[in-house]
2 protein chains.
Amino acid sequence: MFSETGYAATRLTDIAEAADVKQGSLYYYFDSKDTLVAEMLRVGLQKTHEHVVTAIDALGDQATATARLAAAIHAHAEAVIEAVDYTAANARIVGQLPDELRKRHIRVDQRPYGQLWDGLLSDARAAGEIRDDLDLQTLRLLILGSLNWTVEWPDRAKRSPERVANILIAALFDGITTGDHSVQMQAGA
Amino acid sequence: MFSETGYAATRLTDIAEAADVKQGSLYYYFDSKDTLVAEMLRVGLQKTHEHVVTAIDALGDQATATARLAAAIHAHAEAVIEAVDYTAANARIVGQLPDELRKRHIRVDQRPYGQLWDGLLSDARAAGEIRDDLDLQTLRLLILGSLNWTVEWPDRAKRSPERVANILIAALFDGITTGDHSVQMQAGA
DNA sequence: GTCTATACATCGATAGAC
DNA sequence: GTCTATCGATGTATAGAC
């Protein structure tokens, strides 16, 4: 509901109705709307985290670091596009949260997930599989951002998680250029 | 203000205060909060559009399609990260808008900007500069999404637009891998 | 643990003087 | 064109019965 309606516009009455209780009853479980939202965000990110870890582990010990990275991209795409409702909600409403709530969420909940990704990237670099002239933290944020933003895509542009992930992986790993148009790019700015 | 506080939490009182008038006076210029927001979104996207077009035109006629694409990425990064306040607001609040407002904005305002980008990409493909096995619309949304999401980056991860754009361009154009780890990736999913 | 009822605050919008 | 004053709606939060 938060994913569809947004943080502020989602009323406790609606949430209660969906849970088949009355609005007042929610206060037996939560102190406020904010603690309810915070709990949802926490659970959501945890589920996403688990989903991604499961996908990576499924590859087994022999997988290369880049293969593991690709699996993570697939899994995150699944989470944000369809598999985990909470993840879409996370992506949609982080920008709408009251300041303290957002900061706490980023600091407490998002940090470990970011570290998982940073680990994937630095493993790949350590294995010599990705170049060492790119800022990995920025790269991670760009990758996750491109996937998270799918929640804003117009309906007609929607694609399956597999499709989106494959395109992103192909572009990232192989590059989008045909020959070596790449060099002249580096010169810019 | 919308960029920082969000759509719902930004009060007309605050806006009026920043404009050095009283809240009631705003209604001399706008019929409602929504028309005010709609106008801001329209102007914002227009400014971004112009900023990007200017950057592309500055390259002159001899520039390759990929060079033009790179310039567009730089310019959009500038717009969303620092240059155009409106752009950050756009990125931040599209997900928070009431349904009809958002739909109209995407349909009326965002469409032309999306077409500019699709043009850049299809020109590059026509020139044989980028591969022809990637869905260009999806690629465009992934690129813009990765940049738009920078508004959600934690403060400590913030980078200059040049830095962010260069990393994205390097990754996209050259690929992030060192050798041909790429091939085995394509096999996944 | 869930309900009904209601207090309380907030904020968009309107009215009307100047 | 800008102000002050206020209405009216909405929605979170609380009180208290069952």
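If you're wondering where the values come from, they're calculated on a predicted model, not measured in any experiment. So you know, we letter chains A, B, ... as the sequences are listed, proteins then strands, and number each from 1.
Residue pairs that meet the ring-ring contact (aromatic ring centres under 6.0 Å, His included) test with at least one member in residues 1-30 of chain B, sequence neighbours left out, do not exist here.
Annotation: salt bridge (charged side-chain N to carboxylate O under 4.0 Å, His left out) contacts of B:Arg42 (sequence neighbours excluded): B:Glu39. When the salt bridge (charged side-chain N to carboxylate O under 4.0 Å, His left out) test is applied to A:Arg125, no partner is found at least two apart in sequence or on another chain. For A:Ser25, the side-chain contact (heavy atoms from CB on, under 4.5 Å) criterion is met by A:Val21, A:Lys22, not counting sequence neighbours. Applying the side-chain hydrogen bond (donor to acceptor under 3.5 Å, both in side chains) rule to B:Tyr86 yields no partners; only residues at least two apart in sequence or on another chain are considered. Residues that satisfy the side-chain hydrogen bond (donor to acceptor under 3.5 Å, both in side chains) test with A:His105, not counting sequence neighbours, are A:Asn90. Under the rule for a salt bridge (charged side-chain N to carboxylate O under 4.0 Å, His left out), the partners of A:Arg11 that lie at least two apart in sequence or sit in another chain are A:Asp14. With sequence neighbours excluded, the residues satisfying side-chain hydrogen bond (donor to acceptor under 3.5 Å, both in side chains) with A:Glu78 are A:His51. The side-chain hydrogen bond (donor to acceptor under 3.5 Å, both in side chains) test applied to A:Trp117 returns A:Tyr113, not counting sequence neighbours.
Residues from residues 25-36 of chain A with heavy atoms under 4.0 angstrom of DNA chain D, sorted by number: A:Tyr27, A:Ser32, A:Lys33. For DNA chain C, the neighbouring residues in residues 8-18 of chain B, judged by any heavy atom under 4.0 Å, are B:Thr10, B:Arg11, B:Leu12.
For the pair B:Lys22 NZ and C:dG12 P, the computed distance is 16 Å after rounding to whole Å.
Where DNA chain D meets chain A (any atom under 4.0 Å from a heavy atom), the bounding nucleotides read 5' to 3' are D:dG11 to D:dT14.
Contact annotation: the side chain of A:Val164 never approaches that of A:Val80 to less than 4.5 Å [non-hydrogen atoms, C-beta and beyond].
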